[in-house]
There are 2 protein chains.
Amino acid sequence: MERSTRQRSAIRQVLLDADRPLLATEVMDAAKLTVPSLGLATVYRTLKALVAQEDLQVVELPGENPRFEFAHSHHHHFSCQHCGRVYDIHACPGNIALLAPPEFVVESHELTLYGTCADCQEHPAAGN
Amino acid sequence: MERSTRQRSAIRQVLLDADRPLLATEVMDAAKLTVPSLGLATVYRTLKALVAQEDLQVVELPGENPRFEFAHSHHHHFSCQHCGRVYDIHACPGNIALLAPPEFVVESHELTLYGTCADCQEHPAAGN
DNA sequence: ATAAATGCAAAGCTTTTGCGGAAGT
DNA sequence: ACTTCCGCAAAAGCTTTGCATTTAT
(Lines give C-alpha, C1' and ligand atoms only; values in the text may rest on other atoms or scores of the structure.)
Protein backbone atom coordinates (compact mmCIF):
# COMPACT_ATOMS: atom_id res chain seq x y z
CA MET A 1 0.00 0.00 0.00
CA GLU A 2 2.70 2.46 -0.98
CA ARG A 3 1.01 4.20 -3.86
CA SER A 4 -2.22 6.06 -4.21
CA THR A 5 -4.26 4.81 -7.14
CA ARG A 6 -7.71 5.53 -8.51
CA GLN A 7 -8.75 2.00 -7.60
CA ARG A 8 -7.74 2.30 -3.97
CA SER A 9 -9.31 5.70 -3.58
CA ALA A 10 -12.56 4.39 -5.01
CA ILE A 11 -12.57 1.35 -2.74
CA ARG A 12 -11.76 3.45 0.33
CA GLN A 13 -14.46 5.94 -0.52
CA VAL A 14 -17.11 3.28 -0.97
CA LEU A 15 -16.36 1.90 2.46
CA LEU A 16 -16.22 5.35 4.03
CA ASP A 17 -19.60 6.25 2.55
CA ALA A 18 -21.24 3.07 3.78
CA ASP A 19 -22.65 3.03 7.29
CA ARG A 20 -22.66 -0.72 7.40
CA PRO A 21 -20.24 -3.53 6.54
CA LEU A 22 -20.11 -4.44 2.83
CA LEU A 23 -19.49 -7.66 0.94
CA ALA A 24 -16.52 -7.80 -1.42
CA THR A 25 -18.93 -7.87 -4.35
CA GLU A 26 -20.82 -4.86 -2.97
CA VAL A 27 -17.56 -2.94 -2.74
CA MET A 28 -16.74 -4.07 -6.26
CA ASP A 29 -20.07 -2.98 -7.73
CA ALA A 30 -20.05 0.40 -6.00
CA ALA A 31 -16.40 1.16 -6.81
CA LYS A 32 -16.95 0.22 -10.45
CA LEU A 33 -19.17 3.28 -10.79
CA THR A 34 -16.01 5.33 -10.30
CA VAL A 35 -13.47 3.00 -11.91
CA PRO A 36 -15.34 0.79 -14.41
CA SER A 37 -12.27 -1.28 -15.28
CA LEU A 38 -11.84 -2.37 -11.66
CA GLY A 39 -11.11 -6.07 -11.21
CA LEU A 40 -12.31 -8.25 -8.38
CA ALA A 41 -8.76 -9.35 -7.58
CA THR A 42 -7.81 -5.75 -6.91
CA VAL A 43 -10.75 -5.38 -4.56
CA TYR A 44 -9.69 -8.44 -2.61
CA ARG A 45 -6.05 -7.39 -2.51
CA THR A 46 -6.95 -3.93 -1.30
CA LEU A 47 -9.40 -5.18 1.32
CA LYS A 48 -6.79 -7.62 2.59
CA ALA A 49 -4.17 -4.91 2.86
CA LEU A 50 -6.55 -2.55 4.64
CA VAL A 51 -7.42 -5.27 7.11
CA ALA A 52 -3.73 -6.07 7.63
CA GLN A 53 -2.99 -2.47 8.58
CA GLU A 54 -6.09 -2.49 10.77
CA ASP A 55 -7.94 0.21 8.86
CA LEU A 56 -10.71 -2.25 8.09
CA GLN A 57 -12.50 -4.77 10.23
CA VAL A 58 -13.94 -8.06 8.99
CA VAL A 59 -17.52 -8.92 9.93
CA GLU A 60 -18.41 -12.58 9.45
CA LEU A 61 -21.89 -13.96 9.87
CA PRO A 62 -22.81 -17.64 9.77
CA GLY A 63 -23.42 -18.90 6.26
CA GLU A 64 -22.49 -15.60 4.64
CA ASN A 65 -19.45 -14.19 2.95
CA PRO A 66 -17.24 -11.81 4.90
CA ARG A 67 -18.14 -8.14 5.06
CA PHE A 68 -15.79 -5.20 5.55
CA GLU A 69 -16.08 -1.87 7.31
CA PHE A 70 -13.75 0.83 8.56
CA ALA A 71 -12.67 0.08 12.09
CA HIS A 72 -14.25 2.45 14.57
CA SER A 73 -15.14 2.47 18.23
CA HIS A 74 -16.16 -0.85 19.74
CA HIS A 75 -19.58 -1.89 18.46
CA HIS A 76 -21.66 -4.89 17.45
CA HIS A 77 -23.98 -5.92 14.64
CA PHE A 78 -27.60 -6.54 13.88
CA SER A 79 -28.46 -8.85 11.00
CA CYS A 80 -31.95 -8.46 9.54
CA GLN A 81 -33.38 -11.84 8.64
CA HIS A 82 -35.73 -10.31 6.09
CA CYS A 83 -33.64 -7.96 3.97
CA GLY A 84 -30.22 -9.44 4.78
CA ARG A 85 -28.73 -6.07 5.66
CA VAL A 86 -26.28 -5.83 8.53
CA TYR A 87 -26.45 -2.78 10.80
CA ASP A 88 -23.98 -1.41 13.32
CA ILE A 89 -25.13 -1.40 16.94
CA HIS A 90 -23.35 1.21 19.00
CA ALA A 91 -23.89 -0.42 22.34
CA CYS A 92 -22.33 -3.21 24.36
CA PRO A 93 -23.58 -5.24 27.31
CA GLY A 94 -20.23 -4.97 29.10
CA ASN A 95 -18.97 -7.33 31.79
CA ILE A 96 -18.68 -9.97 29.13
CA ALA A 97 -15.49 -11.41 30.56
CA LEU A 98 -17.38 -12.70 33.58
CA LEU A 99 -19.15 -15.28 31.43
CA ALA A 100 -16.06 -17.36 30.85
CA PRO A 101 -14.66 -19.79 33.43
CA PRO A 102 -12.29 -17.97 35.80
CA GLU A 103 -9.16 -19.63 34.39
CA PHE A 104 -9.93 -18.31 30.93
CA VAL A 105 -8.54 -14.94 29.92
CA VAL A 106 -10.95 -12.98 27.76
CA GLU A 107 -9.33 -10.44 25.47
CA SER A 108 -12.18 -9.46 23.21
CA HIS A 109 -15.67 -10.42 22.17
CA GLU A 110 -18.13 -10.23 19.34
CA LEU A 111 -21.89 -10.04 19.49
CA THR A 112 -24.45 -10.34 16.72
CA LEU A 113 -28.18 -9.77 17.05
CA TYR A 114 -30.68 -11.32 14.67
CA GLY A 115 -34.20 -10.14 14.00
CA THR A 116 -36.22 -7.67 11.97
CA CYS A 117 -34.99 -4.16 11.25
CA ALA A 118 -37.14 -1.04 11.41
CA ASP A 119 -37.53 -0.93 7.63
CA CYS A 120 -38.78 -4.49 7.32
CA GLN A 121 -41.05 -3.90 10.28
CA GLU A 122 -42.84 -1.16 8.33
CA HIS A 123 -42.72 -2.66 4.86
CA PRO A 124 -43.14 -6.40 5.44
CA ALA A 125 -43.14 -7.21 1.73
CA ALA A 126 -40.01 -5.25 0.82
CA GLY A 127 -36.33 -6.14 0.74
CA ASN A 128 -35.00 -9.65 0.67
CA MET B 1 -32.42 -39.19 6.48
CA GLU B 2 -34.76 -42.16 6.25
CA ARG B 3 -32.31 -44.98 6.77
CA SER B 4 -29.89 -45.84 9.49
CA THR B 5 -26.43 -46.49 8.12
CA ARG B 6 -23.02 -47.20 9.62
CA GLN B 7 -21.79 -43.88 8.25
CA ARG B 8 -24.52 -41.85 9.90
CA SER B 9 -24.18 -43.62 13.21
CA ALA B 10 -20.45 -42.99 13.21
CA ILE B 11 -20.89 -39.31 12.37
CA ARG B 12 -23.56 -38.85 15.02
CA GLN B 13 -21.45 -40.59 17.62
CA VAL B 14 -18.40 -38.47 16.92
CA LEU B 15 -20.43 -35.32 17.46
CA LEU B 16 -22.12 -36.70 20.56
CA ASP B 17 -18.76 -37.60 22.08
CA ALA B 18 -17.28 -34.17 21.42
CA ASP B 19 -17.83 -31.45 23.99
CA ARG B 20 -17.04 -28.74 21.51
CA PRO B 21 -18.01 -27.89 17.92
CA LEU B 22 -16.06 -29.80 15.27
CA LEU B 23 -14.90 -28.98 11.76
CA ALA B 24 -16.16 -31.14 8.89
CA THR B 25 -12.67 -32.56 8.50
CA GLU B 26 -12.47 -33.31 12.23
CA VAL B 27 -15.74 -35.22 12.00
CA MET B 28 -14.42 -37.00 8.94
CA ASP B 29 -11.15 -38.04 10.56
CA ALA B 30 -12.81 -39.24 13.76
CA ALA B 31 -15.60 -41.12 12.01
CA LYS B 32 -13.14 -42.80 9.69
CA LEU B 33 -11.79 -44.70 12.68
CA THR B 34 -15.14 -46.49 12.74
CA VAL B 35 -15.95 -46.52 9.01
CA PRO B 36 -12.67 -46.26 7.10
CA SER B 37 -14.34 -46.06 3.69
CA LEU B 38 -16.24 -42.93 4.71
CA GLY B 39 -16.18 -40.18 2.08
CA LEU B 40 -16.10 -36.47 2.75
CA ALA B 41 -19.22 -35.92 0.63
CA THR B 42 -21.17 -38.20 2.93
CA VAL B 43 -19.97 -36.23 5.93
CA TYR B 44 -21.12 -32.97 4.36
CA ARG B 45 -24.45 -34.44 3.29
CA THR B 46 -25.09 -35.84 6.74
CA LEU B 47 -24.08 -32.66 8.52
CA LYS B 48 -26.32 -30.65 6.23
CA ALA B 49 -29.26 -32.94 6.89
CA LEU B 50 -28.70 -32.86 10.66
CA VAL B 51 -28.58 -29.09 10.57
CA ALA B 52 -31.75 -28.97 8.44
CA GLN B 53 -33.66 -31.00 11.01
CA GLU B 54 -32.16 -28.83 13.73
CA ASP B 55 -30.28 -31.60 15.48
CA LEU B 56 -27.02 -29.82 14.80
CA GLN B 57 -26.03 -26.21 15.13
CA VAL B 58 -23.47 -24.44 12.97
CA VAL B 59 -20.77 -22.40 14.69
CA GLU B 60 -18.99 -19.96 12.41
CA LEU B 61 -15.99 -17.93 13.47
CA PRO B 62 -14.33 -15.23 11.39
CA GLY B 63 -11.77 -16.59 8.97
CA GLU B 64 -12.47 -20.21 9.86
CA ASN B 65 -14.47 -23.02 8.37
CA PRO B 66 -17.83 -23.86 9.91
CA ARG B 67 -17.99 -26.13 12.94
CA PHE B 68 -20.86 -28.36 14.01
CA GLU B 69 -22.24 -29.42 17.35
CA PHE B 70 -25.42 -30.98 18.67
CA ALA B 71 -27.93 -28.30 19.51
CA HIS B 72 -28.38 -27.93 23.24
CA SER B 73 -29.52 -25.28 25.66
CA HIS B 74 -28.71 -21.70 24.75
CA HIS B 75 -24.99 -21.07 25.07
CA HIS B 76 -22.08 -19.18 23.56
CA HIS B 77 -18.50 -19.83 22.53
CA PHE B 78 -14.96 -19.09 23.54
CA SER B 79 -12.27 -19.22 20.89
CA CYS B 80 -8.72 -19.70 22.14
CA GLN B 81 -6.32 -17.60 20.10
CA HIS B 82 -3.41 -19.87 20.97
CA CYS B 83 -4.60 -23.42 20.36
CA GLY B 84 -7.53 -22.61 18.06
CA ARG B 85 -9.97 -24.73 20.06
CA VAL B 86 -13.51 -23.52 20.50
CA TYR B 87 -15.19 -24.08 23.87
CA ASP B 88 -18.82 -23.89 24.89
CA ILE B 89 -19.70 -21.19 27.41
CA HIS B 90 -22.81 -22.03 29.38
CA ALA B 91 -23.71 -18.50 30.33
CA CYS B 92 -25.40 -15.53 28.74
CA PRO B 93 -25.40 -11.82 29.57
CA GLY B 94 -29.17 -11.55 29.03
CA ASN B 95 -31.07 -8.35 28.26
CA ILE B 96 -29.35 -8.35 24.91
CA ALA B 97 -32.41 -7.09 23.08
CA LEU B 98 -32.08 -3.71 24.78
CA LEU B 99 -28.96 -2.95 22.79
CA ALA B 100 -30.77 -2.58 19.49
CA PRO B 101 -32.68 0.56 18.53
CA PRO B 102 -36.25 0.36 19.83
CA GLU B 103 -37.80 -0.12 16.36
CA PHE B 104 -35.69 -3.21 15.78
CA VAL B 105 -37.10 -6.57 16.82
CA VAL B 106 -34.43 -8.87 18.22
CA GLU B 107 -35.19 -12.56 17.90
CA SER B 108 -31.88 -14.16 18.79
CA HIS B 109 -28.24 -13.40 19.35
CA GLU B 110 -24.79 -14.91 19.20
CA LEU B 111 -21.77 -14.12 21.31
CA THR B 112 -18.17 -15.21 20.91
CA LEU B 113 -15.37 -14.56 23.36
CA TYR B 114 -11.73 -14.50 22.31
CA GLY B 115 -8.73 -15.00 24.53
CA THR B 116 -6.56 -17.64 26.14
CA CYS B 117 -8.01 -20.87 27.50
CA ALA B 118 -6.99 -22.46 30.80
CA ASP B 119 -4.76 -25.00 29.06
CA CYS B 120 -2.78 -22.43 27.11
CA GLN B 121 -2.52 -20.32 30.24
CA GLU B 122 -0.64 -23.14 31.98
CA HIS B 123 1.36 -24.42 29.03
CA PRO B 124 2.21 -21.32 27.04
CA ALA B 125 4.33 -23.26 24.52
CA ALA B 126 1.75 -25.94 23.73
CA GLY B 127 -0.97 -26.18 21.13
CA ASN B 128 -1.18 -24.04 18.02
C1' DA C 1 -37.04 -55.73 -5.10
C1' DT C 2 -37.03 -50.99 -4.49
C1' DA C 3 -35.34 -46.68 -3.47
C1' DA C 4 -32.23 -44.24 -0.49
C1' DA C 5 -27.41 -43.58 0.68
C1' DT C 6 -22.53 -44.00 -0.42
C1' DG C 7 -18.09 -42.98 -2.70
C1' DC C 8 -15.76 -41.07 -6.25
C1' DA C 9 -14.79 -37.48 -9.24
C1' DA C 10 -16.25 -33.45 -11.39
C1' DA C 11 -18.35 -28.94 -10.82
C1' DG C 12 -19.30 -24.52 -8.14
C1' DC C 13 -18.07 -20.48 -5.47
C1' DT C 14 -15.40 -17.39 -3.18
C1' DT C 15 -10.79 -15.97 -2.53
C1' DT C 16 -5.84 -16.07 -3.83
C1' DT C 17 -1.96 -16.02 -6.95
C1' DG C 18 1.07 -15.53 -11.29
C1' DC C 19 2.27 -12.71 -14.84
C1' DG C 20 2.68 -9.28 -18.54
C1' DG C 21 1.28 -4.70 -19.17
C1' DA C 22 -0.14 -0.07 -17.08
C1' DA C 23 0.75 3.69 -14.11
C1' DG C 24 2.27 6.21 -9.78
C1' DT C 25 6.42 8.42 -7.76
C1' DA D 1 13.14 4.97 -15.10
C1' DC D 2 11.91 2.12 -11.50
C1' DT D 3 8.64 -0.53 -9.03
C1' DT D 4 4.39 -1.02 -7.47
C1' DC D 5 -0.15 -2.01 -8.91
C1' DC D 6 -3.72 -3.61 -12.02
C1' DG D 7 -6.54 -6.78 -14.71
C1' DC D 8 -7.00 -11.06 -16.52
C1' DA D 9 -7.08 -15.80 -16.20
C1' DA D 10 -5.61 -19.76 -13.82
C1' DA D 11 -5.24 -22.01 -9.28
C1' DA D 12 -6.62 -23.13 -4.66
C1' DG D 13 -9.63 -24.50 -0.90
C1' DC D 14 -14.00 -25.76 0.88
C1' DT D 15 -18.54 -27.43 -0.21
C1' DT D 16 -21.96 -29.32 -3.37
C1' DT D 17 -23.62 -32.26 -7.02
C1' DG D 18 -24.02 -36.17 -10.66
C1' DC D 19 -23.89 -40.78 -11.31
C1' DA D 20 -23.12 -45.70 -10.94
C1' DT D 21 -22.86 -48.92 -7.16
C1' DT D 22 -23.92 -50.46 -2.65
C1' DT D 23 -27.09 -51.33 0.97
C1' DA D 24 -31.03 -50.71 4.29
C1' DT D 25 -35.69 -51.86 4.46
Side-chain angles (χ1 to χ4, degrees), chain A residues 1-15 18 20-69 79 84-86, chain B residues 1-15 18 20-69 79 84-86:
Chain A
M1 295 288 281
E2 310 186 353
R3 294 180 185 177
S4 162
T5 66
R6 287 175 306 134
Q7 288 85 344
R8 289 180 181 166
S9 304
I11 291 169
R12 275 185 102 83
Q13 199 53 54
V14 164
L15 286 157
R20 59 188 182 85
L22 300 180
L23 298 166
T25 50
E26 290 179 317
V27 174
M28 171 79 171
D29 293 344
K32 260 196 157 154
L33 298 177
T34 307
V35 184
S37 70
L38 182 63
L40 190 50
T42 299
V43 173
Y44 276 111
R45 275 190 281 239
T46 304
L47 291 175
K48 191 168 206 184
L50 288 172
V51 169
Q53 63 188 48
E54 295 185 302
D55 282 359
L56 287 187
Q57 233 177 293
V58 184
V59 179
E60 292 224 32
L61 301 185
E64 308 199 24
N65 294 330
R67 291 175 167 82
F68 302 84
E69 71 181 343
S79 170
R85 274 175 294 194
V86 175
Chain B
M1 294 288 280
E2 310 185 353
R3 296 179 184 178
S4 162
T5 66
R6 287 176 305 134
Q7 289 84 343
R8 288 180 181 168
S9 304
I11 291 169
R12 275 187 101 84
Q13 199 54 53
V14 164
L15 287 157
R20 60 187 181 85
L22 300 180
L23 298 165
T25 51
E26 290 179 317
V27 173
M28 171 79 170
D29 293 344
K32 259 196 158 154
L33 298 177
T34 307
V35 185
S37 71
L38 182 63
L40 190 50
T42 298
V43 172
Y44 276 112
R45 276 188 283 239
T46 304
L47 291 175
K48 190 168 206 182
L50 289 172
V51 169
Q53 63 188 48
E54 295 184 302
D55 282 358
L56 287 187
Q57 233 176 293
V58 184
V59 179
E60 291 224 34
L61 301 186
E64 308 199 24
N65 295 330
R67 292 173 166 83
F68 303 84
E69 71 181 344
S79 170
R85 273 176 295 194
V86 175

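None of the values given here were measured: they were computed from a predicted structure. Below, all heavy atoms of this structure are taken into account, side chains as well, without hydrogens, waters or symmetry copies.
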J.: Taking atom CD as the centre, does Gln53(A) end up with more than 12 heavy-atom neighbours from other residues, nucleotides or ligands that are less than 6.0 angstrom away?
T.: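 For Gln53(A), atom CD is crowded (more than 12 foreign heavy atoms under 6.0 Å).
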
J.: By nearest atom, which of the nucleotides dT6(C), dG7(D), dG24(C) is closest to the Thr46(B) side chain?
T.: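 Taking heavy atoms from C-beta onward, the closest nucleotide is dT6(C).
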
J.: Does OP1 or OP2 of dG7(C) have a side-chain N or O of Thr42(B) closer than 4.0 Å?
T.: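 Affirmative; the distance criterion is met.
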
J.: With side chain to side chain contact (heavy atoms under 4.5 Å, CB included) as the test, pick out the partner of Leu56(A) among Thr46(A), Leu15(A), Ile11(A).
T.: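 So, applying the side chain to side chain contact (heavy atoms under 4.5 Å, CB included) to Leu56(A) and each of Thr46(A), Leu15(A), Ile11(A), only Leu15(A) qualifies.
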
J.: Compare all side-chain heavy atoms of Arg67(B) with those of Gln57(B) and state whether any distance is below 4.5 angstrom.
T.: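 Counting from C-beta outward, Arg67(B) and Gln57(B) never come under 4.5 Å.
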
J.: Which heavy-atom pair separates Val58(A) from Pro66(A) by the least distance, and what is that distance?
T.: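 Looking at all heavy atoms of both residues, the closest pair is CG1-CB, 3.9 Å.
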
J.: Would the distance check show the side chain of Glu26(A) and the main-chain N or O of Leu23(A) forming a donor-acceptor pair, the cut-off being under 3.5 Å?
T.: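 Flag set: sc Glu26(A) to bb Leu23(A) pair under 3.5 Å.
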
J.: Can you tell me if Arg8(A) touches the phosphate of dC5(D), counting only side-chain N or O atoms and a distance under 4.0 Å to OP1 or OP2?
T.: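 Yes.
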
J.: Atom NZ of Lys32(B) to atom C1' of dC8(C): distance rounded to whole Å?
T.: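 Value for this atom pair: 12 Å.
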
J.: Please check the phosphate of dC6(D) (OP1 and OP2 only) for any side-chain N or O of Thr5(A) closer than 4.0 Å.
T.: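 So the side-chain polar atoms of Thr5(A) do come within 4.0 Å of the phosphate oxygens OP1 or OP2 of dC6(D), strictly under.
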
J.: Can you check the Leu40(A) CG to dC5(D) P distance for me, whole Å?
T.: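 So the CG-P distance, Leu40(A) to dC5(D), works out to 18 Å.
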
J.: Base, sugar-phosphate, or nothing for Met28(A), non-hydrogen atoms under 4.0 angstrom?
T.: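 It contacts nothing in the nucleic acid.
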
J.: Checking contacts here: which listed nucleotide (dG18(C), dG7(C), dT25(D)) is nearest the side-chain heavy atoms of Arg45(A)?
T.: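 Nearest to the side chain of Arg45(A) among the choices is dG18(C).
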
J.: Phosphate oxygens OP1/OP2 of dG24(C): is one of them under 4.0 Å from a side-chain N or O of Gln7(A)?
T.: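 No, because none of the side-chain N or O atoms of Gln7(A) sits under 4.0 Å from OP1 or OP2 of dG24(C).
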
J.: Any non-hydrogen side-chain atom of Thr5(A) less than 4.5 Å from a side-chain atom of Arg8(A)?
T.: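 The answer is yes; the side chains approach within 4.5 Å.
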
J.: Taking atom P of dC14(D) as reference, at what distance in whole Å does atom CG of Asp29(B) sit?
T.: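 Asp29(B) atom CG is separated from dC14(D) atom P by 12 Å.
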
J.: Arg6(A) has an atom CZ; how far is it from atom P of dG24(C), in whole Å?
T.: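 Checked: the CZ to P distance equals 7 Å.
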
J.: Which nucleotide in the set dT25(C), dT17(C), dA9(C) lies at the smallest distance from any side-chain heavy atom of Arg3(A)?
T.: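 Closest nucleotide among those given: dT25(C).
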
J.: Quick check against the 3.5 Å criterion: does Thr42(A) have a side-chain atom that pairs as donor or acceptor with the backbone of Leu38(A)?
T.: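 No.
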
J.: Would you say dG7(D) has OP1 or OP2 under 4.0 Å from some side-chain N or O of Ser37(A)?
T.: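 The answer is yes; a side-chain N or O of Ser37(A) sits under 4.0 Å from OP1 or OP2.
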
J.: What is the distance, rounded to the nearest whole Å, between atom CD1 of Ile11(B) and atom C1' of dG7(C)?
T.: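 Distance, rounded to whole Å: 12 Å.
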
J.: Send over the distance from Leu47(A) CG to dT16(C) C1', rounded to a whole Å.
T.: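 Interatomic distance, CG of Leu47(A) to C1' of dT16(C): 13 Å.
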
J.: Could you list by number each residue of residues 59-67 of chain A showing a heavy-atom separation from DNA chain C of less than 4.0 Å, or answer none if no residue does?
T.: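 The stretch gives Asn65(A), Pro66(A) as the residues lying under 4.0 Å from the strand, ordered by number.
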
